[in-house]
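Right, one structure below, let's go through it.
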Amino acid sequence: MTDAQTVVSRFIEALNRRDFDTIAAFLDEDVALDSLTGQRTIGAEPLRIAVANYLRHFDETFSDIVLMHDAFGQRVAADVTAHGTYRETMTGFPEARQQSYAIPSVFIFEFEDGAVSRLSHYRNTRVFEEMLAR
């Protein structure tokens, strides 16, 4: 496992524990978050706030983690299964009624000087919204 893959693995473990102090230790001060809602957030503290807000609506944990990296160790993809409960209605999504779901998701981590400089979160939002509408 590359150093970047180890960081990603620990990042996801910390995310599952809601350990934002550990997450912050992996981030560049000017980290960019491209969320699955299409919004871009810049900065470590704004990223923490955005992730905490997302998790307030969607109580998710991530499993079945498969890590892949580029030849230079600057990008790592984490293919995961998101298991969650939709707790609180989020703007642009169906009404929350404690719906449970499991959906494939992908995180892309980009590194600069050993720290996460960009994090992108992807999933099939159409399928996700269909799951939530049930």
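Residue numbers count from 1 along this sequence. For the numbers below, each heavy atom of this structure counts, side chains included, while hydrogens, waters and symmetry mates do not.
- Looking at every heavy atom in both residues, E129 comes nearest to G92 through OE2-O, 3.9 Å.
- Going from atom CD of E95 over to atom OG1 of T89 covers 5.0 Å, rounded to the nearest 0.5 Å.
- In this structure, L119 CG and E110 CD are separated by 10.5 Å, a value rounded to the nearest 0.5 Å.
- Using a 4.5 Å heavy-atom threshold, the side chains of L67 and S9 count as touching.
- Between the side chain of T61 and the main chain of N16, no donor-acceptor pair closer than 3.5 Å is present.
- Salt bridge present: E130 and R126 bring a charged side-chain N and a carboxylate O closer than 4.0 Å.
- By the 4.5 Å heavy-atom criterion applied to side chains, D113 and D28 are not counted as neighbours.
- Within 6.0 Å of atom CZ in R10, 12 or fewer heavy atoms from other residues, nucleotides or ligands are found, so the atom counts as exposed in its surroundings.
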>> Run the side chain to side chain contact (heavy atoms under 4.5 Å, CB included) test on H83 and D64 for me, step by step, so that the C-alpha distance in whole Å, both residues' side-chain angles and the decisive distance to 0.1 Å come before the verdict.
In response: CA-CA 10 Å; H83 301 271; D64 308 319; 4.2 Å; yes

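- Across every non-hydrogen atom of E88 and A96, the tightest pair is C-CB, 3.4 Å.
- Looking at every heavy atom in both residues, D70 comes nearest to G73 through OD1-N, 2.7 Å.
- Counting only heavy atoms from C-beta outward, the side chains of V8 and H69 never approach each other to under 4.5 Å.
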> Between F111 and D3, is a side chain to side chain contact (heavy atoms under 4.5 Å, CB included) present by the stated rule, with each step listed?
Replying inline: CA-CA 10 Å; F111 288 83; D3 289 344; over 6 Å; no

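- Between M131 and Q99 the shortest side-chain heavy-atom distance does not fall below 4.5 Å.
- Residues F62 and L15 are in side-chain contact: their nearest non-hydrogen atoms beyond the backbone lie under 4.5 Å apart.
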> Can you check ring-ring contact (aromatic ring centres under 6.0 Å, His included) on F58 and F93, steps first, answer last?
Replying inline: CA-CA 11 Å; F58 303 96; F93 286 87; 5.4 Å; yes

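- No single ILVMFWY cluster, assembled from side-chain heavy atoms under 4.5 Å apart, contains both Y54 and I49.
- Side-chain contact check for R97 versus Y86: every heavy-atom pair is 4.5 Å or farther apart.
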>> Applying salt bridge (charged side-chain N to carboxylate O under 4.0 Å, His left out) to D59 and R87, what does each step give before you reach the verdict?
In response: CA-CA 7 Å; D59 184 18; R87 298 190 291 197; 3.7 Å; yes

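- Ring geometry, F107 versus F109: the interplanar angle falls from 30° to 60°, so the pair is classed tilted.
- In this structure, the side chains of R48 and I23 stay at 4.5 Å or more apart for every pair of heavy atoms.
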> Stepwise, does the side chain to side chain contact (heavy atoms under 4.5 Å, CB included) test hold for R118 with R75?
Replying inline: CA-CA 9 Å; R118 183 174 62 91; R75 289 193 178 130; 3.7 Å; yes

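- Residue Y122 is found in a hydrophobic cluster whose other members, listed by chain and number, are V106, I108; membership requires side-chain heavy atoms under 4.5 Å apart, directly or through intermediates.
- Minimum heavy-atom separation, Q5 to M68: NE2-N, 4.2 Å.
- For the pair V31 and V116, the tightest heavy-atom approach, listed with the atom from each and the gap, is CG2-O, 3.4 Å.
- Side-chain contact between L27 and F11 is present, with at least one heavy-atom pair separated by less than 4.5 Å.
- At distances below 3.5 Å, not a single donor-acceptor pair connects side-chain atoms of T85 with backbone N or O atoms of Q98.
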>> Could you go through V51 and L33, starting from their C-alpha distance and side-chain angles, then the distance that decides it, and tell me whether this counts as side chain to side chain contact (heavy atoms under 4.5 Å, CB included)?
In response: CA-CA 9 Å; V51 170; L33 168 66; 4.3 Å; yes

